[in-house]
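For reference, the structure is listed below as structure tokens.
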Amino acid sequence: MSVTTQALQSFQNIDNARHRTLITALVQKLHDYINEVQLTEDEWLHAIQFLTKTGQLCHEQRQEYILLSDVLGISMLVDQINHQKNEIQTPSTVFGPFFIENMPIRQFADSIVIEGEEQTIPLLITGQIRNEYGEAISNAYIDVWQTADNGMYSGQDDMQQIDNLRGVFISQLNGSYAIKSILPVSYQIPSDGTVGQLLNYAKRTFWRPAHIHFKIAAEGYQPLVTHLFLENDDYLNNDAVFGVKDRLIVSYQFKKLDEESKVLYGLDRDYYLITYDFVLSAE
Ligand code: BEZ
Ligand code: FE
């Protein structure tokens, strides 16, 4: 009996059928791969050392394995299989490693700029949260996070207060939301670990196109994890983690301050505007 057959048979006592399929299919594919490439002992040892080092880099604030999954396109493949069931709902994309839970609740049109960047032209992001039938969803929790001008997230950067450029907004009765911020910038994903070694070796880019992250949750609806990407970014066609989807690319317009923007959104200067409606799917 071949070692592959023996290894497969050794997992037949797992009671849960789905778990049995997951592990036996994995063993089968790994054995097929090793046969196909005729893996040498040196290559096998190198792979073990790479995975060991990747694990050693992981801690509460750093998940090198998620980053590895992202740059291998696995995160987006899992996303594709599990979401995007129709053309109406807003597409989801990669979660990334920089989300922080329990950020402050903000009011309609509050700014998430807590420190610095005061001289920058503000960005207003506004629109509606609704369902696939066009009905407004009120009380949706909209978690938002983005990088500062230096391309770093709070939590990554000791110079930023932890709630800088982060916050949770709650949609109004008519589903509307409004967030004041600044334009995000393109930035490079962490390069100082095993994933960095891999990307350098493959002569790949570390860049992600400028984007703002959203995690939207409402009772009775599937949570949505997504980004809005800025149009015309240099890296839209070359995202290190393959996260760009056409329907998530938005335009931003320069607007002169007028009475409505002063009164409705508390703006005091000319500003950039992004309007975007998020469509959630029922659970
Ligand atoms: C992010 O957009 O925050 C991100 C996503 C995947 C890998 C690294 C960063
Ligand atoms: Fe990001």
Side-chain angles (χ1 to χ4, degrees), residues 54-55 57-84 90-101 103 112-113 117 123 125 142-157 159-160 162-168 179 181-202 204-216 223-231 233-250 252 274 276 278:
T54 302
L57 284 168
C58 295
H59 53 78
E60 197 82 359
Q61 272 88 40
R62 175 163 191 166
Q63 246 301 348
E64 194 78 359
Y65 272 117
I66 292 189
L67 203 57
L68 182 59
S69 155
D70 295 338
V71 303
L72 292 178
I74 293 172
S75 304
M76 285 308 292
L77 182 58
V78 174
D79 166 79
Q80 191 180 307
I81 290 167
N82 288 281
H83 301 286
Q84 210 49 62
T90 301
S92 48
T93 189
V94 63
F95 193 41
F98 297 120
F99 172 71
I100 300 179
E101 259 177 300
M103 284 295 108
I112 55 173
V113 183
E117 338 277 359
L123 166 69
I125 313 156
I142 307 161
D143 243 298
V144 57
W145 67 106
Q146 69 168 84
T147 51
D149 267 352
N150 65 0
M152 291 216 265
Y153 288 91
S154 74
Q156 236 192 333
D157 176 8
M159 301 308 285
Q160 289 180 56
I162 202 70
D163 56 348
N164 191 40
L165 293 164
R166 298 177 184 272
V168 183
I179 299 162
S181 186
I182 49 169
L183 284 176
V185 294
S186 12
Y187 66 88
Q188 301 196 51
I189 63 171
S191 59
D192 56 343
T194 45
V195 170
Q197 283 169 7
L198 178 64
L199 293 195
N200 273 324
Y201 194 65
R204 273 180 53 178
T205 178
F206 286 84
W207 287 95
R208 294 219 65 208
H211 59 269
I212 303 167
H213 290 257
F214 294 86
K215 179 163 102 53
I216 305 178
L224 171 68
V225 171
T226 196
H227 308 352
L228 294 182
F229 294 94
L230 298 188
E231 65 174 358
D233 189 284
D234 286 346
Y235 303 101
L236 283 173
N237 293 317
N238 201 13
D239 180 2
V241 301
F242 317 106
V244 180
K245 293 180 178 173
D246 286 350
R247 287 170 55 209
L248 299 176
I249 301 173
V250 295
Y252 54 99
I274 290 175
Y276 196 85
F278 292 95

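Order of listing sets the numbers, starting from 1, for every ligand and every atom in it. Remember, it's a predicted structure, so these values are computed and weren't measured experimentally.
For Ala210 against Pro184, the heavy-atom pair with the smallest separation is CB-O, 3.6 Å. Across every non-hydrogen atom of His211 and Gln146, the tightest pair is O-CB, 4.2 Å. For the pair Trp145 and Phe214, the tightest heavy-atom approach, listed with the atom from each and the gap, is CZ3-C, 4.0 Å. Between Gln160 and Tyr153, the shortest heavy-atom contact is NE2-C, 3.9 Å. Minimum interatomic distance between Val71 and Phe242 (heavy atoms only, all atoms of both residues): O-CE1, 3.3 Å.
Near Leu67, meaning under 4.0 Å from one of its heavy atoms, ligand 1 places the atoms 7 (C), 8 (C). With ligand atoms numbered from 1 in the order given, ligand 1 contributes 1 (C), 2 (O), 3 (O) to contacts under 4.0 Å with heavy atoms of His213. Within the listing of ligand 1, atoms 4 (C), 5 (C), 6 (C) sit less than 4.0 angstrom from a heavy atom of Gly96. Ligand 1 places these atoms under 4.0 Å from at least one heavy atom of Pro97: 4 (C), 5 (C), 6 (C), 7 (C), 8 (C), 9 (C). Of all atoms in ligand 1, listed by their number and element, those nearer than 4.0 Å to a heavy atom of Arg208 are 1 (C), 2 (O), 4 (C), 5 (C). The distance from ligand 1 to the heavy atoms of Ile189 drops below 4.0 Å at these ligand atoms: 8 (C), 9 (C).
Annotation: Asp246, atom CG; neighbour count of heavy atoms from other residues, nucleotides and ligands within 6.0 Å does not exceed 12.
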Verdict with supporting geometry, Phe95 and Ile66, side-chain contact (heavy atoms from CB on, under 4.5 Å): CA-CA 9 Å; Phe95 193 41; Ile66 292 189; over 6 Å; no
Residues Arg208, Asp70; criterion salt bridge (Lys or Arg N to Asp or Glu O under 4.0 Å); working and verdict: CA-CA 12 Å; Arg208 294 219 65 208; Asp70 295 338; over 6 Å; no
Does the pair Leu230 and Ile274 meet the rule for a side-chain contact (heavy atoms from CB on, under 4.5 Å), with working shown? CA-CA 9 Å; Leu230 298 188; Ile274 290 175; 3.8 Å; yes
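Protein nitrogen, oxygen and sulfur atoms, that is N, O or S, within less than 2.8 Å of the Fe ion (ligand 2) amount to 4.
No part of Phe95 comes within 4.0 Å of ligand 1, judged by heavy-atom distances. With a heavy-atom cut-off of 4.0 Å, Ile66 does not touch ligand 1 at all.
Residue contacts with ligand 1: His211 is placed with a nitrogen or oxygen under 3.5 Å of a nitrogen or oxygen of the ligand (distance criterion only).
When the options Trp145, Tyr153, Phe98, Tyr187 are ranked by their closest heavy atom to atom 1 (C) of ligand 1, first place goes to Tyr187. Residue nearest to atom 7 (C) of ligand 1, selected from Thr147, Asp239, Val94, Asp70: Asp70 (by heavy-atom distance).
A donor-acceptor pair is defined here as one N or O able to donate and one able to accept, closer than 3.5 Å; no such pair exists between the side chain of Gln156 and the backbone of Thr147.
A donor atom on one side chain and an acceptor atom on the other are not found under 3.5 Å apart for Asn164 and Ser154.
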